Engineer: 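There's a structure below that I have some questions on.
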Amino acid sequence: MTEPDQLIAAIDAAASLDALEAIRVAALGKAGSVTALMKTLGQMAPELRLTEGPRLNALRDAVSTAIAARKTALEAAALDARLASERLDMTLPVAATPTGSIHPISQVMDELAEIFADLGFAVATGPEIEDDWHNFTALNMDENHPARAMHDTFYFPDTPGSDKRMVLRTHTSPVQIRTMLTQKPPIRIIAPGRTYRSDSDATHTPMFHQVEGLVIDRGITMGHLKWTLETFVKAFFEVDEIELRLRPSYFPFTEPSAEVDVGCSWAGGTLSIGGSESWLEILGSGMVHPRVIEACGLDPEEYQGFAFGCGIDRLAMLKYGMTDLRAFFDGDARWLRHYGFRGIDVPTLSGGVGA
Ligand code: DAH
């Protein structure tokens with residue numbers, strides 16, 4: 001083999017990009033062998049240069065082309081190797097792969113959406129930074145209403161040039177207003193989401209979760225409210241026989257208003273839902289106040305409705321047995337491993353919504 005043939009053979013046999021680069025430097029680099037040959041052209045007699053010039057140029061081109069081709073081949077092989085090593089077998093059982101877990105609050109929100117979807121309710125949302133009008137005024141709590149003081153509201157500083165006072169919403173009830181302003185009856189929605197109050201102890205956190213329910217149509221009565229809540233509580237706690245107790249109460253945005261307790265027992269020291277030995281308060285509810293319906297531009301003579309509001313964190317604690325509300329928000333991986341849900345445990349009514 002001639003020297004150029006040996007060089008090309010070495011290029012073709014280079015086992016790695018590093019080895020190839022070493023060959024390139026040794027041949028085409030500043031002190032490379034081909035570069036040295038090219039330099040001899042300058043001192044050559046013109047007749048010799050006439051034949052040697054094209055020959056050396058051809059050699060240099062052949063070496064460059066061979067290096068480029070080998071480089072492409074080595075890069076393709078490296079990519080193939082990488083793709084093979086990073087391959088995911090999508091047919092592997094899920095349990096064999098490491099997984100995160102669904103937070104109990106997210107799980108319960110999914111369960112609520114599933115239960116209420118079956119009853120014809122859509123999921124509605126609203127902003128967490130809300131204005132005073134949607135959070136209070138339109139819900140029949142004007143500026144001086146004493147109920148405003150009960151909400152321990154987080155207020156934003158005034159915005160220069162705007163008379164809107166912004167708050168972190170203290171409940172999900174403003175979503176009732178937003179829904180009635182943008183949709184025509186019949187309305188059937190639930191609105192799960194974050195809510196905020198300046199309050200913190202073992203049973204209160206500054207951020208917590210509520211779900212709002214709203215039905216607006218013609219001829220809606222407390223009977224519809226009670227049936228809906230019974231159906232919801234049975235499906236949620238997965239108990240066929242439950243007792244609900246509606247206690248007269250007061251909320252500015254409902255008339256009449258009722259707080260709802262579910263019958264339970266503490267036999268053996270553990271909570272079980274059902275019976276009427278003991279009672280647990282689970283939500284507030286009532287018939288939507290005519291003034292609220294009016295504030296949303298609907299005629300209260302024509303349309304009636306019911307609403308309810310319920311703490312999601314508490315629902316989760318009752319169903320899944322957590323004892324300290326604050327743990328929900330600690331982000332402790334051990335707690336999440338214990339109480340979290342697998343991503344594929346999607347709530348379905350047919351399978352029982354709970355995990
Ligand atoms: N918004 C109320 C609260 O946070 C809960 C509530 C009570 C909502 C009665 C309702 C309702 O829709 O009808 O305390």
Side-chain angles (χ1 to χ4, degrees), residues 112 116 121-128 130-142 145-154 167-181 187-199 203-217 220-230 232-233 244-262 280-293 295-296 298 300 303-315 325:
L112 294 169
F116 279 100
F121 285 63
V123 172
T125 55
E128 290 169 31
E130 189 51 283
D131 61 62
D132 190 277
W133 187 81
H134 288 90
N135 195 81
F136 293 120
T137 312
L139 287 159
N140 196 27
M141 283 183 269
D142 65 22
H145 200 290
R148 284 196 178 207
M150 284 157 47
H151 278 212
D152 298 315
T153 311
F154 286 112
V167 301
L168 283 176
R169 69 178 180 189
T170 57
H171 50 177
T172 42
S173 302
V175 186
Q176 289 188 32
I177 304 301
R178 291 187 175 272
T179 307
M180 280 189 268
L181 286 171
I187 290 169
R188 281 189 293 267
I189 56 114
I190 59 163
R194 295 192 191 99
T195 48
Y196 303 82
R197 288 185 203 180
S198 176
D199 206 353
T203 52
H204 297 88
T205 47
M207 190 278 287
F208 56 105
H209 299 84
Q210 286 191 340
V211 61
E212 195 78 13
L214 176 70
V215 168
I216 300 284
D217 203 348
I220 298 294
T221 70
M222 288 286 275
H224 296 116
L225 169 64
K226 186 156 191 252
W227 180 89
T228 305
L229 293 178
E230 271 168 7
F232 152 54
V233 172
L244 280 194
R245 186 170 75 174
L246 272 68
R247 266 182 300 111
S249 183
Y250 172 76
F251 299 103
F253 32 89
T254 45
E255 180 58 38
S257 303
E259 273 173 309
V260 177
D261 302 335
V262 61
L280 273 176
E281 184 187 320
I282 52 165
L283 54 87
S285 66
M287 300 305 292
V288 181
H289 199 293
R291 267 193 231 144
V292 174
I293 294 185
C296 296
L298 295 172
Y303 291 110
Q304 304 75 42
F306 68 75
F308 59 88
C310 180
I312 292 182
D313 314 280
R314 186 168 154 80
L315 280 185
L325 174 69

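Starting from 1, each residue takes its place in the sequence as its number. All ligand and atom numbering here is 1-based and tracks the order in the structure. All of these numbers come straight from a predicted model, not from anything done at the bench.
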Engineer: Taking only heavy atoms of the protein into account, state which residues are under 4.0 angstrom from an atom of ligand 1, in chain and number order.
Structural biologist: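 Within the 4.0 Å shell of ligand 1, which is judged on heavy atoms, sit His171, Ser173, Gln176, Arg197, Gln210, Glu212, Phe251, Phe253, Thr254, Gly284, Ser285, Gly286, Ala307, Phe308, Gly309.
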Engineer: Do Phe251 and His289 come within less than 4.5 Å of each other through their side chains, counting heavy atoms only?
Structural biologist: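 Heavy-atom side-chain distance check fails, nothing below 4.5 Å.
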Engineer: How far apart are the closest heavy atoms of Arg148 and Asp132, and which atoms are they?
Structural biologist: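 Of all heavy-atom pairs spanning Arg148 and Asp132, the closest is NH2-OD1, 3.0 Å.
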Engineer: Partners of Glu212 by salt bridge (Lys or Arg N to Asp or Glu O under 4.0 Å), sequence neighbours excluded?
Structural biologist: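 Testing Glu212 for salt bridge (Lys or Arg N to Asp or Glu O under 4.0 Å), a comparison that skips the adjacent residues, returns none.
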Engineer: Determine whether the aromatic ring centres of Phe121 and Phe308 lie less than 6.0 Å apart.
Structural biologist: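 No, the ring centres sit 6.0 Å or more apart.
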Engineer: Which salt bridge (Lys or Arg N to Asp or Glu O under 4.0 Å) pairs, counting each pair once, include a residue from residues 190-199, with sequence neighbours left out?
Structural biologist: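 Qualifying pairs, neighbours excluded: Glu128-Arg194.
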Engineer: With sequence neighbours excluded, tell me which residues meet ring pair (Phe, Tyr, Trp, His ring centres under 6.0 Å) with Phe306.
Structural biologist: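 Ring pair (Phe, Tyr, Trp, His ring centres under 6.0 Å) list for Phe306, sorted by chain: empty.
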